[in-house]
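The structure under discussion appears below in the form of structure tokens.
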Number of protein chains: 2
Amino acid sequence: MGQANPPSPLAPFIAKLERRCPLAPDDREALLALTPSVQRHDAGRYVVRAGEQNLSFMVLLSGYVHRHRVLANGSRQIVAVHLAGDLLILPHTAMRRTTESLQALTPVKVAEVAAASMIALSRERPAIAEALLLESIADASIFREWVINLGRRDARTRTAHLLCELGTRSAESDLGNRTTFRLPLTQEQLADVLGLTSVHVNRTLRGMKSSGLIDYGNGWVSVPDWTRLRKEADFDDGYLCLDPA
Amino acid sequence: MGQANPPSPLAPFIAKLERRCPLAPDDREALLALTPSVQRHDAGRYVVRAGEQNLSFMVLLSGYVHRHRVLANGSRQIVAVHLAGDLLILPHTAMRRTTESLQALTPVKVAEVAAASMIALSRERPAIAEALLLESIADASIFREWVINLGRRDARTRTAHLLCELGTRSAESDLGNRTTFRLPLTQEQLADVLGLTSVHVNRTLRGMKSSGLIDYGNGWVSVPDWTRLRKEADFDDGYLCLDPA
DNA sequence: CGGGACCTTGACGCTCATCAATTGCAGTGG
DNA sequence: CCACTGCAATTGATGAGCGTCAAGGTCCCG
């Protein structure tokens, strides 16, 4: 409350953590007292490359990042789209080599804290460890939903579902309204999220547009009728774990 | 070491935790001192049903369990296959209603500890919280791999990849050798894992069999040439996070 | 011996991938 | 101001991979 600290760049991230897992004032102070280094990257730049061993706990401060893997056969699958406030790399994950890359979709700012100091902090303060665990659990829940989406929904439903998720998460991260939000992905990138080809994504989006499900263009989506989209998408936001446990 | 506790049913689970995250003796003792209740379920029975609010931290002691969701259109997607020693429900996950069900594939034994006491324990003992976080991170990594598998690999590669994963995990859980392991899933259940139909799974498996990639039958798989299977599957076990961080 | 899972196989059709142009648009330099 | 360039979106034609439907076949168990 009455602290005189300089404003931390991590503040939005902490706020997001606290939506799931409220922290005691001294735990919050401890997080705010971290002095992350802040990196900027242009759109298209890699934040972390596959094969690198990164040693930092990382948080996305602004912009959009995707996490993807390039397969032996040359195809690519995007496994996550990160919004401002998202955790990009957990402290323990930082210690190991990854086979996935993180790439900026827009100009981004990323905060980095040495993994070791984050681990030390969460050992001292159980509440912080707990908050990180909850983030990790929520992430895993999203990945499972993507498995379902890719496994058992057709192109249109699958696309609609992705848009519902991104709308909801954008709203949750104060990046707009769930019915009007930014979507800084090319159709080819959307295809790599959805396990489709860009040609088919194009046809699917145009189909959704022409039936009035969504309005789409220029990196933005707007949803005239949320209930209808939600129904077509078979979307239930429970898996996003938005309410505190 | 020299403790006189009665053998805890959790011992194999703890051993598995420690492979990723060694514990100090007193932390291990604290886990061993838990007195879980042990439930048995027959094959086919639900361990947890979608929509229920379960209040227990749960560990699979023996047998096989799958986690799945039934969609509005009636189709089903299995999002995880759990082996003995796996964590079924994390403490915090236990507090919320789930949209996925856990169902026994074989007769199983499941240990339950009240979520609240597990949360209390991990607040007292940072090392335990840390071990749980690592488990959760490893789970999430597996889910991402499944996203990749469903999104960008064809039926044969995808099936081969699943078999590589289950072989490796079986070996890791001391359920056999990665080249000869139990696979207690019907072809219809495999289809629900792989996002295919049972007819196509059948053809895929027979194809793999007839080209000598695998030997399959009666709930068991054996792999004549691991390197070959691994290559066809585009499998790299890094995502399983088997080495300690 | 009958019933019920599960596996197997064939015929056919639909989604979605592939290949290949073409269009639109923003940036860039003459 | 206008070619020129390059990336993304769009569209059409064709075909493959996988789904759907339907019919046995096999094995286990009561």
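Throughout, a chain's letter reflects where its sequence line sits, starting with A, and its residues are numbered from 1.
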Quiz item: B/Met208 and side chain to side chain contact (heavy atoms under 4.5 Å, CB included): which partner among B/Val221, B/Asp215, B/Ile214?
Solution: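 Of B/Val221, B/Asp215, B/Ile214, side chain to side chain contact (heavy atoms under 4.5 Å, CB included) with B/Met208 is met by B/Ile214 alone.
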
Quiz prompt | Position toward the 5' end of DNA chain D (nearest nucleotide), A/Glu188 or B/Val201 | solution =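 Result: A/Glu188.
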
[X] [atom1] to [N] [atom2], straight-line distance once rounded to whole Å:
X        : N      : atom1 : atom2 : value
A/Gln189 : D/dC7  : CD    : P     : 13 Å
A/His200 : D/dG15 : NE2   : P     : 19 Å
A/Leu190 : D/dA8  : CG    : P     : 12 Å
A/Arg206 : D/dA8  : CZ    : C1'   : 14 Å
A/Asn218 : D/dC7  : CG    : P     : 18 Å
A/Asp154 : D/dC18 : CG    : P     : 17 Å
A/Gln187 : D/dT11 : CD    : P     : 10 Å
B/Leu205 : D/dC18 : CG    : P     : 13 Å

Quiz item: Starting at the 5' end of DNA chain C, which residue's closest nucleotide do you reach first, A/Thr197 or B/Val199?
Solution: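 The residue whose closest nucleotide sits nearer the 5' end is B/Val199.
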
Just by distance, with hydrogens left out, do [X] and [Y] show a side-chain donor and acceptor under 3.5 Å apart?
X        : Y        : result
B/Asp154 : B/Thr157 : yes
A/Arg97  : A/Gln53  : yes
B/Arg182 : B/Ser170 : no
A/Glu165 : A/Tyr239 : yes

Self-check item: All side chain to side chain contact (heavy atoms under 4.5 Å, CB included) counterparts of A/Asp174, not counting sequence neighbours
Solution: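 Counting only residues at least two positions away or on another chain, A/Asp174 forms a side chain to side chain contact (heavy atoms under 4.5 Å, CB included) with A/Arg19.
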
Exercise. Using five pairs at either end of the helix from C/dC1-D/dG30 to C/dG30-D/dC1, determine the angle between the two local helix axes and round it to 10 degrees.
Key: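 The end-segment axes of the helix from C/dC1-D/dG30 to C/dG30-D/dC1 are tilted 30° relative to each other.
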
Quiz item: With a non-hydrogen cut-off below 4.0 angstrom, is A/Gly217 in contact with a base, only sugar-phosphate, or nothing?
Solution: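 Result for A/Gly217 = nothing.
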
Exercise. Would you classify B/Gly44 as touching base, sugar-phosphate or nothing, given that sugar-phosphate means primed atoms plus P, OP1 and OP2, and contacts are heavy atoms under 4.0 Å?
Key: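 No contact.
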
Quiz item: When you list every nucleotide of DNA chain C with an atom under 4.0 Å from a heavy atom of chain A, which one comes first 5' to 3', and which comes last?
Solution: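 Extent of the interface on DNA chain C: C/dC16 to C/dC19.
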
Self-check item: salt_bridge(A/Asp243, B/Arg96) N-O dist < 4.0 Å
Solution: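 Between B/Arg96 and A/Asp243 there is a salt bridge, with a charged N closer than 4.0 Å to a carboxylate O.
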
Practice problem: Flag the pair A/Arg153 and A/Glu145 as a salt bridge only when some basic side-chain nitrogen lies within less than 4.0 angstrom of an acidic carboxylate oxygen. | Solution: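 Salt bridge: yes.
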
Quiz item: Can you find an N or O donor on one side and an acceptor on the other, under 3.5 Å apart, linking the side chain of B/Arg203 with the base of D/dG17?
Solution: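 Checked by distance alone, the answer is no.
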
Quiz item: Is the number of heavy atoms from other residues, nucleotides or ligands under 6.0 Å of A/Glu188 CD greater than 12?
Solution: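 12 or below, so no.
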
